[in-house]
Amino acid sequence: MLTIKKTKERIRKVKERIRKFFGIRLIKSIRDLIIFHQNAEFQRKHPNPLNLYGKKCFSQNDEDGLTLEIIKRLGIKKGVFAELGPGNGIENNTICLAALKWKGFWVGSEDLKFKYNNSENFHFIKEWITKENVLKSFNEGLKKINEKKIDVLSLDLDGNDIYILEELIKQIKHPSLIIAEYNAKFPPPIKFKIKYEPNFVWRGDDYFGASLSEFADILKKYSYELVCCNSHTGSNAFFIKNDFIELFKEVPKDIEKIYVAPRYQLYERYGHPQSTRTIELIFDQLDKLN
């Protein structure tokens, strides 16, 4: 039998847990609200008007909206994508293209967290990407989806991105749009890139990738122009073939006015929680296309 004293103590402890639970939730909600308003202000005030199109859907931040606006201007309605380093498949830059019924493939070292079928419309290759094997993996992906070129290439490898990108871009048919993760700690005109190590693993510090100026200079050699960096966090840079630069007349010519400094604070929660069923449905519909 519980005594009245013990019963009261249990009730007190339950109430304390409830207060802590809702207190933490409240703090997280306030934090998300602050980040949301800060993002909106950075987006509105950024000197590059293209940033106003940024929206978060399946990307980590506002990359999806920028991608959708750029491919709209390029006139690509039904294209082909490739993503190197898609993570676990729940949050990346090309799910939105799969939702548009684009064909494509991913190459990455993590298992995907959703159910999928490899098919002629989508294929996942589980492999650690290096400068030495990227072309082989890329060509295998193209072969699996029965395509000869892609329209959009996204890279998020947390390390050797610039080396792998250049090795690939000098040997393939050039995509119209390249989305590359850059190290925003180093503003233009600073040039920085880590030393190439095939087995490099990012430790969560500032030693990763390459600066925006490094990417801009490398890709300029292959006739690409920088048109945007995502304003919410300063993580991803968008490069287009210079054949299309007239479609982006409002974009500043000065790289300093396109650059976005690092703001790596991420939402604890954005809208409704992400369900794997949503992504599974997108790729199931893609799988059934002929």
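Because only heavy atoms are used, hydrogens play no part in the values below, and waters and symmetry mates are left out as well, while side chains stay in.
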Tell me if the centroids of the rings in Tyr182 and Phe215 come within less than 6.0 Å of each other. no
Could you go through the side-chain contact (heavy atoms from CB on, under 4.5 Å) check for Ile178 and Ile169 one step at a time? CA-CA 10 Å; Ile178 294 175; Ile169 209 70; 3.7 Å; yes
Quick one: closest heavy-atom pair of [X] and [Y], and the distance?
X	Y	result
Pro86	Phe124	CG-CE1, 4.3 Å
Ser59	Asn93	CB-OD1, 3.8 Å
Tyr196	Glu132	OH-OE1, 2.7 Å
Lys185	Pro187	O-CD, 3.2 Å
Tyr224	His174	OH-CB, 3.1 Å
Ala184	Ala261	CB-C, 4.1 Å

Quick one: does [X]'s side chain get under 4.5 Å of [Y]'s, heavy atoms only?
X	Y	value
Leu66	Glu69	no
Cys228	Asn48	yes
Phe238	Leu50	no
Ile279	Tyr116	no
Val227	Ile70	yes
Leu33	His37	yes
Leu155	Ile179	no
Val134	Ile129	yes

Give, for atom [atom1] of [X] and atom [atom2] of [Y], the distance between the pair rounded to the nearest 0.5 Å.
X	Y	atom1	atom2	answer
Phe208	Asp161	CZ	CG	9.0 Å
Ile172	Lys149	CD1	NZ	10.5 Å
Leu226	Asn242	CG	CG	13.0 Å
Ile150	Lys173	CD1	NZ	12.0 Å
Lys131	Ile164	NZ	CD1	9.5 Å
Leu177	Ile71	CG	CD1	8.5 Å

When clusters are formed by joining ILVMFWY residues with side-chain heavy atoms under 4.5 Å apart, either directly or through shared neighbours, do [X] and [Y] land in the same one?
X	Y	result
Tyr264	Ile34	no
Ile194	Ile218	no
Trp102	Leu68	yes
Tyr259	Phe42	no
Leu153	Tyr222	yes

Parallel, tilted or perpendicular for Phe186 and Phe192, by the 30°/60° rule? parallel
Do the rings of Trp106 and Phe81 sit parallel, tilted or perpendicular, given the 30° and 60° boundaries? tilted
Report yes or no: is the cationic atom of Lys103 (NZ for Lys, CZ for Arg) closer than 6.0 Å to the six-membered ring centre of Phe122, at no more than 45° off its axis? no
Is the closest basic N to carboxylate O distance between [X] and [Y] below 4.0 Å?
X	Y	value
Lys143	Glu140	no
Lys126	Glu110	no
Glu91	Lys113	no
Lys170	Glu166	no
Lys28	Asp32	no
Arg73	Glu250	yes

Just by modelled atom types, is the [Y] backbone N or O under 3.5 Å from a matching donor or acceptor in the [X] side chain?
X	Y	value
Glu280	Lys115	yes
Trp202	Leu157	no
Asn160	Glu197	yes
Asn133	Thr130	yes
Asp156	Gly85	no
Asp284	Ile282	no
Glu120	Ile145	no
Asp64	Lys55	no
Asn117	Ser119	no

For the residue pair [Y] / [X], report whether a side-chain donor-acceptor contact shorter than 3.5 Å exists.
X	Y	answer
Thr233	Asn230	yes
Glu181	Ser235	no
Ser211	Asn183	no
Glu63	Asn236	yes
His232	Asn61	no
Arg263	Gln38	yes

After noting the C-alpha distance and the side-chain angles of Ser176 and Asp151, does the key distance pass the side chain to side chain donor-acceptor pair (under 3.5 Å) rule? CA-CA 5 Å; Ser176 300; Asp151 298 287; 4.6 Å; no
side-chain contact (heavy atoms from CB on, under 4.5 Å) for Lys101 and Leu289? Distances and angles first, verdict last. CA-CA 8 Å; Lys101 305 300 187 293; Leu289 287 178; 3.6 Å; yes
Just wondering, more than 12 heavy atoms not from [X] lying within 6.0 Å of its [atom1]?
X	atom1	value
Phe36	CZ	no
Lys221	NZ	yes
Arg277	CZ	no
Lys144	NZ	no

Kindly determine whether Phe105 and Asn121 satisfy side-chain contact (heavy atoms from CB on, under 4.5 Å), including the steps that lead there. CA-CA 8 Å; Phe105 65 89; Asn121 293 322; over 6 Å; no
Asn88/Leu112 under side-chain contact (heavy atoms from CB on, under 4.5 Å): CA gap, chis, key distance, verdict: CA-CA 4 Å; Asn88 61 22; Leu112 301 186; 5.7 Å; no
